[in-house]
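Here is the structure we will look at, set down as structure tokens.
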Amino acid sequence: MASVSSQPQFRYTQPPSKVLHLRNLPWECTEEELIELGKPFGKVVNTKCNVGANRNQAFIEFADLNQAIAMISYYASSSEPAQVRGKTVYLQYSNRQEIVNNKTTADVAGNVLLVTIEGADARLVSIDVLHLVFSAFGFVHKITTFEKTAGFQALVQFSDTETASSAKNALDGRSIPRYLLPEHVGPCALRITYSAHTDLSVKFQSHRSRDYTNPYLPVAPSAIDGSGQLTVGLDGKKLEAESNVLLASIENMQYAVTLDVLHMVFSAFGPVQKIAMFDKNGGVQALIQYPDVQTAVVAKEALEGHCIYDGGFCKLHISYSRHTDLSIKVNNDRSRDYTIPNTPMVNSQPSILRQQPVSAMGPTVQYNGAPYTPTQEQQQPGMPQTSAGWGPGVPPMPQSMPMQMHSNPYMPPGTMPPQGMMQSPIQSGLPQSSMLPPYGSGHMQ
DNA sequence: AGCACA
């Protein structure tokens, strides 16, 4: 009582109640901790935690009024304040006589979590980031997101209550790790309660909802354009169906990017079958055809956003083409079919070596993928690509590079550049493992 | 640090 009357603005003594009002709680405070706190004084029959705007208040209801009085009296005269996790908790009689509506859906543990993403940039958190965050605790079945007055919210469905609880306990009040968010996105905290749902209804895969148990669920019509092409990814970003043909556009093309340079760069990941270059929107684009989708995926992942030359020159932007087989009518300096040795060659002078603006500068694409080392058989048209030479353990600079210029079926006799020129820009530019992987010399023309 | 689905 003394503690209550010591504060002028709340000096009025509350009439006793078997319900106590607690404040200044750590707001991760659990029901169990409240019970622990009250247990010494009597039987706690009900609690309600995470009350108030800051979720740092709670109520404890004792079986008997005398027990509540005992607790108030004890802490009124105690030198040690009531504490939860070392934080001082202030308590007083509640102005209500019983806890009502204690078990709201938010308190009843279930397999679906209601997640509120807080922060100015909450809306910029993608469903994929949420998926990543919650997947740390178990398989996430479904996620739906929506906007409410509470802000940007998501329902995250786990297999069971235990998994959901572990995620809730670990993540409630925490911020999404910065490294999972784009740089421009500010901090985003998660507030998590249980949802009353047990099974979310996800009709489409979209940037707003996802069903990870059903990868064949149709994609939302809003994400598909008139031609049936997928244009909007499930994260709301542009997305294309994977293809064995890549569309590369070159940004900031300070240096001439030739067919040969492209061939060299893209051959690092597998045999390049065809390349077609063309002008588009004032820039240069190229279609690069691999024999299979997997190779194209690896190449795209590795090269996307990277620059062919140091200093941000010739930055590659790569998407999947709708093409699956390019039609190369003539081999010239803008298009090439590497699978047909005898297609007429037009103007196939190796240009990279002549056109280097800085003599010692070679392509320096950096990427994180495993380098592909072209081998003899992988150069053979029609041969199935082996996985040999793949994997993270492949050294970026093998001891002996396969020298197969002599056997290159695509190189017309007499057009082979001098050995010294072949070596200088490319190989001398590879002192570090992060640099461009070895290109078989046979790829260069 | 101050009373509960707003």
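Each of dC3(B), dA4(B), dA1(B) was ranked by its minimum atom distance to the side chain of Arg96(A); first place goes to dA4(B).
Spacing between atom CG of Asn56(A) and atom P of dA4(B) amounts to 13 Å, rounded to whole angstrom units. Here the C1' atom of nucleotide dG2(B) and the CG atom of Leu22(A) are 12 Å apart, to the nearest Å. Atom CD in Gln57(A) sits roughly 14 Å away from atom C1' in dA6(B) (whole-Å rounding). Rounded to whole angstrom, the span from the CG atom of Asn24(A) across to the C1' atom of dG2(B) amounts to 10 Å. Rounded to a whole Å, the CD atom of Gln153(A) is 16 Å from the P atom of dA6(B). Between the CG atom of Asn50(A) and the P atom of dC5(B) there is a distance of 11 Å, rounded to whole Å. As a whole-Å value, the separation of Lys148(A) NZ from dC5(B) C1' is 12 Å. Going from atom CG of Asn54(A) over to atom C1' of dA4(B) covers 14 Å, rounded to whole Å.
Between the side chain of Gln205(A) and the backbone N or O of Asp211(A), at least one donor-acceptor pair lies under 3.5 Å. When atom types are taken as modelled, the side chain of Arg178(A) and the backbone of Val185(A) share a donor-acceptor pair closer than 3.5 angstrom.
The base of dG2(B) sits with one of its N or O atoms less than 3.5 Å from a complementary donor or acceptor on the side chain of Gln92(A).
In this pair, Phe59(A) lays its aromatic ring flat on the base of dA4(B), centres within 5.5 Å and planes under 30 degrees apart.
Under the 30°/60° scheme for interplanar angles, the aromatic rings of His263(A) and Tyr338(A) are found to lie parallel. Below 30°, between 30° and 60°, or above 60°: for Phe41(A) and Tyr74(A) the angle between ring planes is between 30° and 60°, a tilted geometry.
The residue among Gly52(A) and Lys87(A) whose nearest nucleotide of DNA chain B is located toward the 5' end is Lys87(A).
As judged by a 4.0 angstrom heavy-atom cut-off over every strand, Glu61(A) is placed among residues making no nucleic acid contact.
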